[in-house]
Number of protein chains: 2
Amino acid sequence: MSQGNRCVSIQADQARACTVREALDRVGGKWSIGILIAASQGPIRFTELERQVEGISRRMLTLTLRNLERDGLLHRQVHPTVPPRVEYTATPMAQELYESLVALTRWAERHREGISAARAAYDREHGAPVG
Amino acid sequence: MSQGNRCVSIQADQARACTVREALDRVGGKWSIGILIAASQGPIRFTELERQVEGISRRMLTLTLRNLERDGLLHRQVHPTVPPRVEYTATPMAQELYESLVALTRWAERHREGISAARAAYDREHGAPVG
DNA sequence: CAGCATCCCAAGAGATACTG
DNA sequence: CAGTATCTCTTGGGATGCTG
């Protein structure tokens, strides 16, 4: 996942935009949020994540876990048993992140209808999305 | 930009995740935020956006504008003069969205250092990103 | 000026077989 | 069990020439 946004030498209001993107880049992937939330309830194993986060492939689960771990949002605990047992836990930083996302959740709930109305209107005026 | 997340028949905590993604999908693109913020200051023309949102291509500007308009986040006002004059303005819904993003901004600022420290540590333990 | 059309490339993501 | 390796396909995005 990309992290090439340096935020240098840009206008004042675009700098704010850039700070927001910093946060979004950590959570923008298709699966990050789902994993983070599942791991917020307490330690959770790889296979359990695979079940709880619906539709995720093994590959994307691994990749997303690695990125979240690298960013310090997940802690990875390996138990050297056989068969192996690896547990993931959301760090305090990730918990805080989720709380910040609540505002966004509420926005989405408040405007869910408004948005689909806007879309319907747009698609009526212009050509429908498919057709 | 994708909108294939239907949020049906999933576990309770993953439903929350899905609501968050609803909001993120509207703002997840590389350019949405920059455009939204620029258009929050008042009506702004196509070419001005092209200048203020640094690095954006003509194509992506057009595409992102269309999506934001369709979602009801931007209002598009055409003045039928010659040469043409088109102005974009953030809707109240978009203004609210930005306010919700403030929490996220603050999170990013608070943890900017923590994150890059985590990355440095990770890259030290495992192989460096390029190496 | 605003913005579509076209071409091209890279990153994101799905499926799945294999392994310590 | 918890991944890695590989292959493929789709999507996002850059560059740019053309036009009402």
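So you know, we letter chains A, B, ... as the sequences are listed, proteins then strands, and number each from 1.
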5' priority, DNA chain D, between B:I56 and A:T47 [closest heavy atom]: A:T47
Over how many whole Å does the gap from B:E54 atom CD to D:dG13 atom C1' extend? 18 Å
Spacing between A:R45 atom CZ and D:dC1 atom P, to the nearest angstrom: 7 Å
Would you say a side-chain N or O of A:K30 is under 4.0 Å from OP1 or OP2 of D:dT11? no
Is a donor on one side and an acceptor on the other found under 3.5 Å between the side chain of A:R85 and the backbone of A:T81? no
Roughly how many Å is it from CG in B:L49 to C1' in C:dG3, rounded to a whole number? 13 Å
Counting only side-chain N and O atoms of B:Y88, is one of them less than 4.0 Å from OP1 or OP2 of C:dG3? yes
Within the 3.5 Å criterion, strictly below it, is a donor on A:E87 or A:H75 matched to an acceptor on the partner's side chain? no
For C:dG3 and B:R66 - does any side-chain N or O of the residue sit under 4.0 Å from the phosphate oxygens OP1/OP2? yes
Nearest-angstrom distance from the residue atom CD of A:E50 to C1' of C:dT16: 12 Å
Between A:R16 (side chain) and A:A12 (backbone), is there a donor-acceptor pair under 3.5 Å? no
Could you check whether A:R58 gets within reach of a base, just the sugar-phosphate, or nothing at all, counting any heavy atom under 4.0 Å? base
Could you tell me how far apart A:M60 (CE) and D:dT6 (P) are, to the nearest whole angstrom? 18 Å
What verdict does the side chain to side chain contact (heavy atoms under 4.5 Å, CB included) test give for B:W31 and B:I33, after you've listed the backbone C-alpha separation in whole Å, the side-chain angles of each residue and the deciding distance to 0.1 Å? CA-CA 6 Å; B:W31 304 108; B:I33 299 278; over 6 Å; no
Just how far, in rounded Å, is P of C:dA15 from CG of A:L63? 15 Å
If you check the B:W31 side chain, which of D:dG14, C:dG20, C:dG14 turns out closest? D:dG14
Are there over 12 heavy-atom neighbours, none belonging to B:R106, within less than 6.0 Å of that residue's CZ? no
Mind checking whether B:H126 and B:Y122 have parallel, tilted or perpendicular rings, split at 30° and 60°? parallel
Test side chain to side chain donor-acceptor pair (under 3.5 Å), reference A:H111, set B:E22, B:R26, B:E96, output is B:E96
Let me know the distance between CD1 of A:I44 and C1' of D:dA2, rounded to the nearest Å. 14 Å
Between A:G55 and A:P84, which residue's closest nucleotide on DNA chain C lies nearer the 5′ terminus? A:G55
Atom-pair distance (CZ on A:R59; P on C:dC18), nearest Å: 18 Å
Degree of bending, the helix from C:dC1-D:dG20 to C:dG20-D:dC1 (end axes from five pairs; round to 10°): 50°
At under 4.0 Å between heavy atoms, what does A:T62 touch on the DNA or RNA strands: base, sugar-phosphate, or nothing? base
